[in-house]
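This chain uses plain numbering: 1 for the first residue, then up along the sequence.
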Amino acid sequence: MPLPPARVVLATRNRDKILEIREALASLPFVLLSLDDFPDLPEVEEDGDTLEDNARKKAVTLQRHTGLPALADDTGLFVAALNGAPGVRSSRYAGPGASYQDNVRKLLAAMETVPPECRSARFRTVMAFADGNTVQLVEGSCDGRLAFAPQGEGGFGYDPIFIVAGGERTFAEMSLIEKNRVSHRGRALAAARQLLKQYFRVED
Ligand code: ITT
């Protein structure tokens, strides 16, 4: 009988992240499950002070509940003129249950009077891979600046107001593949890919 396929579970409920992660890891020899496949699991409170703390907590909790190797992503947008806000609180910037639009609106309002040369921002993603024995962390970041108004229809979250350094386009004006090539998550995923290849003993 053939062996059942290997499985990895993604510790996120964010469908937009799942799309990007699936795209980047598509060619690896395992089935990528997500929290949607385990609807009864309790919510993990993201109460850490750092992306590292939250990513680690999400991956370890899910690994323990499922017995499967787990991969978590915690991401924040760090705006220099706001002393690093919204940062680790990026998903709840406009309050608990805030929508992407609520968060974007609040950020644009906070930046309304900030001139173009002072609008620099950095996206940062930390990914944690927990296999039941160890937890390994990888990260990726992407520098850019904030637009004065949303531009583009693609992506999610703060993508319509994040202009990637060295160009004029926001992430929302890029395809998913293009975004993954230069983004914080794309870079973290390139490193996560290496970890996963070692774990599943995939040859180059
Ligand atoms: P999980 O914890 O379930 O993974 P989340 O949406 O709470 O999902 P994070 O705390 O990591 O995820 O993300 C914080 C917020 O930052 C997220 O809700 C989006 O608004 C935004 N965000 C994350 N990645 C982004 C990206 O690639 N582009 C634009 N915004 C992003």
Side-chain angles (χ1 to χ4, degrees), residues 10-23 34-59 61-62 70-114 118-128 139-164 169-174 176 179-180 183-189:
L10 278 182
T12 177
R13 289 197 192 280
N14 184 318
R15 298 276 168 89
D16 298 300
K17 282 187 184 179
I18 294 172
L19 269 183
E20 292 184 6
I21 295 169
R22 279 197 201 284
E23 209 296 314
S34 78
L35 281 176
D36 287 343
D37 297 293
F38 300 91
D40 299 330
L41 292 186
E43 207 61 44
V44 175
E45 206 191 333
E46 295 189 38
D47 52 5
D49 289 332
T50 62
L51 300 178
E52 282 81 356
D53 288 347
N54 285 336
R56 184 189 298 273
K57 184 175 178 186
K58 289 191 273 190
T61 307
L62 188 59
L71 185 66
D73 166 316
D74 206 51
T75 296
L77 175 61
F78 298 81
V79 179
L82 303 177
N83 295 319
V88 74
R89 296 180 46 82
S90 290
S91 66
R92 298 153 280 153
Y93 183 51
S99 68
Y100 290 155
Q101 277 185 347
D102 297 335
N103 287 332
V104 164
R105 228 177 279 130
K106 177 168 176 180
L107 186 52
L108 285 177
M111 294 293 289
E112 201 176 352
T113 58
V114 178
C118 299
R119 299 179 72 86
S120 64
R122 168 176 289 177
F123 264 118
R124 189 162 172 262
T125 292
V126 174
M127 295 192 127
E139 64 163 279
S141 62
C142 181
D143 289 330
R145 65 183 195 279
L146 295 184
F148 282 91
Q151 294 169 210
E153 303 298 324
F156 68 98
Y158 299 95
D159 281 349
I161 57 168
F162 185 85
I163 300 170
V164 181
R169 282 187 309 159
T170 66
F171 275 143
E173 294 174 296
M174 297 181 181
L176 187 153
K179 179 183 169 189
N180 263 354
S183 77
H184 43 297
R185 181 166 300 101
R187 289 180 173 143
L189 280 165

So, taking the atom named [atom1] in [X] and the one named [atom2] in [Y], what distance separates them when rounded to the nearest 0.5 Å?
{"X": "Met127", "Y": "Arg185", "atom1": "CE", "atom2": "CZ", "answer": "6.5 Å"}
{"X": "Lys58", "Y": "Leu71", "atom1": "NZ", "atom2": "CG", "answer": "10.5 Å"}
{"X": "Asn54", "Y": "Asp49", "atom1": "CG", "atom2": "CG", "answer": "8.5 Å"}

Quick check: do [X] and [Y] have side-chain heavy atoms less than 4.5 Å from each other?
{"X": "Asp73", "Y": "Glu20", "answer": "no"}
{"X": "Gln151", "Y": "Ile163", "answer": "yes"}
{"X": "Val104", "Y": "Tyr158", "answer": "yes"}
{"X": "Ser183", "Y": "Thr125", "answer": "no"}

Are there more than 12 heavy atoms of other residues, nucleotides or ligands under 6.0 Å from atom CD of Glu23? yes

Are there over 12 heavy-atom neighbours, none belonging to Arg124, within less than 6.0 Å of that residue's CZ? yes

Report the residue from Val164, Ile161, Leu176 that forms a side-chain contact (heavy atoms from CB on, under 4.5 Å) with Phe171. Val164

Ring pair (Phe, Tyr, Trp, His ring centres under 6.0 Å) partners for Phe156, two or more places apart: Tyr100

Identify, with sequence neighbours excluded, every residue that meets salt bridge (Lys or Arg N to Asp or Glu O under 4.0 Å) alongside [X].
{"X": "Asp36", "value": "Arg15"}
{"X": "Glu43", "value": "Arg13"}
{"X": "Arg187", "value": "none"}

Check residues 80-97 and write down every donor-acceptor pair under 3.5 Å in which the side-chain atom is one partner and the other belongs to a residue at least two apart or another chain.
| residue | atom | partner | partner atom | Å |
| --- | --- | --- | --- | --- |
| Ser90 | OG | Leu77 | N | 3.0 |
| Ser90 | OG | Gly87 | O | 2.6 |
| Arg92 | NH2 | Val88 | O | 3.4 |

Restricting to non-hydrogen atoms, name the atom on [X] and the atom on [Y] that form the minimum distance, rounded to 0.1 Å.
{"X": "Arg119", "Y": "Leu108", "value": "NH2-CD2, 4.4 Å"}
{"X": "Gly76", "Y": "Leu51", "value": "N-CD2, 3.8 Å"}
{"X": "Gly152", "Y": "Glu173", "value": "CA-CG, 3.6 Å"}
{"X": "Thr170", "Y": "Pro160", "value": "CG2-O, 3.3 Å"}
{"X": "Ala11", "Y": "Ala72", "value": "CB-CB, 3.7 Å"}
{"X": "Phe123", "Y": "Thr75", "value": "CD2-CG2, 4.1 Å"}

Taking only residues two or more places apart in sequence or in another chain, which ones pass side-chain hydrogen bond (donor to acceptor under 3.5 Å, both in side chains) with Arg145? Glu168

Ion pair Asp74/Lys57, N-O distance below 4.0 Å: no

Output, in order, the C-alpha distance, side-chain angles, deciding distance and verdict of side chain to side chain contact (heavy atoms under 4.5 Å, CB included) for Lys179 and Asp159. CA-CA 10 Å; Lys179 179 183 169 189; Asp159 281 349; 2.9 Å; yes

Start with the C-alpha distance between Phe78 and Ser141, add both sets of side-chain angles, then the distance that settles side chain to side chain contact (heavy atoms under 4.5 Å, CB included), and finish with yes or no. CA-CA 10 Å; Phe78 298 81; Ser141 62; over 6 Å; no

